[in-house]
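Notes follow the structure.
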2 protein chains.
Amino acid sequence: MRDWPTGRLLSTASRLVEHAWLEALTALGLSHAGLIVLHLVDGGPATQVELAGLARVEAQTMSRTIERLEREGFIERHPDAADRRRRVVERTASGAAVFARARSIEAELFPEVDDLPGLRDALLDIIGSSGGGRWADGR
Amino acid sequence: MRDWPTGRLLSTASRLVEHAWLEALTALGLSHAGLIVLHLVDGGPATQVELAGLARVEAQTMSRTIERLEREGFIERHPDAADRRRRVVERTASGAAVFARARSIEAELFPEVDDLPGLRDALLDIIGSSGGGRWADGR
DNA sequence: TTCTAAAGATCAGCCGGCTGACTAATTCGG
DNA sequence: CCGAATTAGTCAGCCGGCTGATCTTTAGAA
C-alpha cells in the first residue's frame, strides 16, 4: 500500500474516516452531508445554491441532502417572497440541538496525526488548486 | 473554510481530486474503482474477497465494480475448479493495455504539494489507525 | 457420516457524489 | 414591452460506498 499513488491514499483515508464517523452520526439521525449543511446555516439562513457553493457540491446533490434534513425535521424551507425561484433554508430548534451535540464530537473522532497543521495546509492547498475554477468563491 | 474540521477537509479534497481525474479516466472507459482493481490484478489473478480486502472495500462493492469491468471487457472471471464458491478474476489483454495508459497519467494529475512524503505518511497513518481492525491485512 | 457453521458471491436498498435535461421565475437587451 | 438568456431548483439515471439478507459450497465437529 505504500506504493499506492497519493490520490488513492487520499480517497481511502477519507472513506475510512467517514466510516468511523457514521455510527456516532446515525445515532443522532444525521449524516456527514447533513452535518455540513447544519454547520453552514449556523451562520444564518441561506439559499440552496449558496449552500451548494459553500459545501463545494453540485446544486442537485445539495437539493437531496436538504430534502433528507427536512424529512428529519432539522431544517425548514421557506419560499423567498422577493424571488420566488428561491427557497430559503433555515435551521429548526431540533436542528440547532443536534448540531450542538454533533459538533462537539466531530473533532474528537479524528485520529491522531503527527503534523496536524501541516496536513491541514496540504489539504487546503489541494482543495484550492484542484477546485479548478469550479468553485469561484474562496470563502 | 480554514475553520472546517480536518475530516471534512479530507473528504472534500478527496472528492475534488477524484473529480479532476474522472475526465481522463472516462475517456479510457475506466473509473477510479476499476483502476484500483486493474492495479491489484496486475500482480496476478485473485479472488473477489482478496481484492476487496486489498482495496479496503466491502465484498459487495467489489462485486459490482468487477461486474462493470467485465462488462467493459477489461477483466474476466473464471470459476475456480478447486473451490466452486470462488470466482478468479483475471486481466484481459485489453485490461492490461488500458492499465498501462492510465497508470502513466495517475501520478501526473495530482496537484503539487509542499511536503509530499509528509502528506503520504499522514494518510497512511490515518488509514492504519482508522481502519479499526476492519482490514486485518496490512499489506 | 451427517449436520451445522463458515466463507464466497450476490441481491436489495440506502446515502452521497456526479451529469444531463427540464420547469419556473427573473433579468436584460433590443 | 417582449422575448431570449440566465438562474434556482428538481428529476432521472449512473457510479461507488455501505448494511442486511440470501444462496451455494466448503470445512469441521459430533
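Hydrogens, waters and symmetry mates play no part in the numbers below; they use all other heavy atoms, side chains included. In what follows, chains carry the letters A, B, and so on, assigned in the order in which the sequence lines appear, proteins first and then strands, with residues in each chain numbered from 1.
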Using the closest heavy atom to pick a nucleotide of DNA chain C for each, name whichever of A:Thr65 or B:Arg77 lands nearer the 5' end.
B:Arg77
Comparing nearest nucleotides in DNA chain C, the 5'-proximal residue of the pair A:Arg68, A:Ala81 is A:Arg68
Rounded interatomic separation in angstrom, taking [atom1] from [X] and [atom2] from [N]:
| X | N | atom1 | atom2 | answer |
| --- | --- | --- | --- | --- |
| B:Glu72 | D:dC14 | CD | C1' | 13 Å |
| A:Leu69 | C:dC14 | CG | P | 18 Å |
| B:Met62 | C:dA9 | CE | C1' | 13 Å |
| A:Leu10 | C:dG17 | CG | P | 15 Å |
| A:Glu58 | C:dA21 | CD | C1' | 14 Å |
| A:Arg64 | C:dT19 | CZ | P | 13 Å |
| B:Leu51 | D:dG16 | CG | P | 15 Å |
| A:Ile66 | D:dA8 | CD1 | C1' | 11 Å |

Whether A:Thr47 contacts D:dA8 is assessed here as follows: a side-chain N or O lying under 4.0 Å from the phosphate OP1 or OP2. Is that the case?
no
Side-chain donor or acceptor of [X] paired with backbone N/O of [Y] under 3.5 Å:
| X | Y | answer |
| --- | --- | --- |
| A:Arg68 | A:Ala33 | no |
| B:Arg56 | B:Ile127 | no |
| B:Arg120 | A:Trp4 | yes |

Any side-chain heavy atom of B:Glu50 sitting closer than 4.5 Å to one from B:Leu40?
no
Considering only heavy atoms, which members of residues 13-34 of chain A lie under 4.0 Å from some atom of DNA chain C?
A:Ser31, A:Ala33
Can you get from B:Leu116 to B:Leu9 by hopping between Ile, Leu, Val, Met, Phe, Trp and Tyr side chains that sit under 4.5 Å apart?
yes
Starting the side chain at C-beta, find the nucleotide from [options] nearest to [X].
| X | options | answer |
| --- | --- | --- |
| A:Arg86 | C:dC18, D:dG9, C:dT26 | D:dG9 |
| B:Gln60 | D:dA21, C:dC18, C:dG20 | D:dA21 |
| B:Val57 | D:dC18, C:dG8, D:dT10 | D:dC18 |

Check: B:Arg56 side chain, D:dG17 base, donor-acceptor under 3.5 Å:
no
Quiz item: B:Arg85 side-chain donor-acceptor pair to C:dA7 base, under 3.5 Å
yes
Once you apply a heavy-atom cut-off of 4.0 Å, does B:Arg87 come out as touching a base, just sugar-phosphate, or nothing?
sugar-phosphate
So A:Gln48, base contact, sugar-phosphate only, or nothing? Heavy-atom distance under 4.0 Å.
sugar-phosphate
Give me each pair satisfying side chain to side chain donor-acceptor pair (under 3.5 Å) with a member in residues 22-49 of chain B, each pair once, sequence neighbours excluded.
A:Arg8-B:His39, B:Asp42-B:Arg91, B:Gln48-B:Arg77
Using the rule given for side-chain contact (heavy atoms from CB on, under 4.5 Å), can you reason through A:Asp115 versus A:Leu119, listing the C-alpha separation, both sets of side-chain angles and the distance that settles it, and then say yes or no?
CA-CA 6 Å; A:Asp115 182 14; A:Leu119 174 60; over 6 Å; no
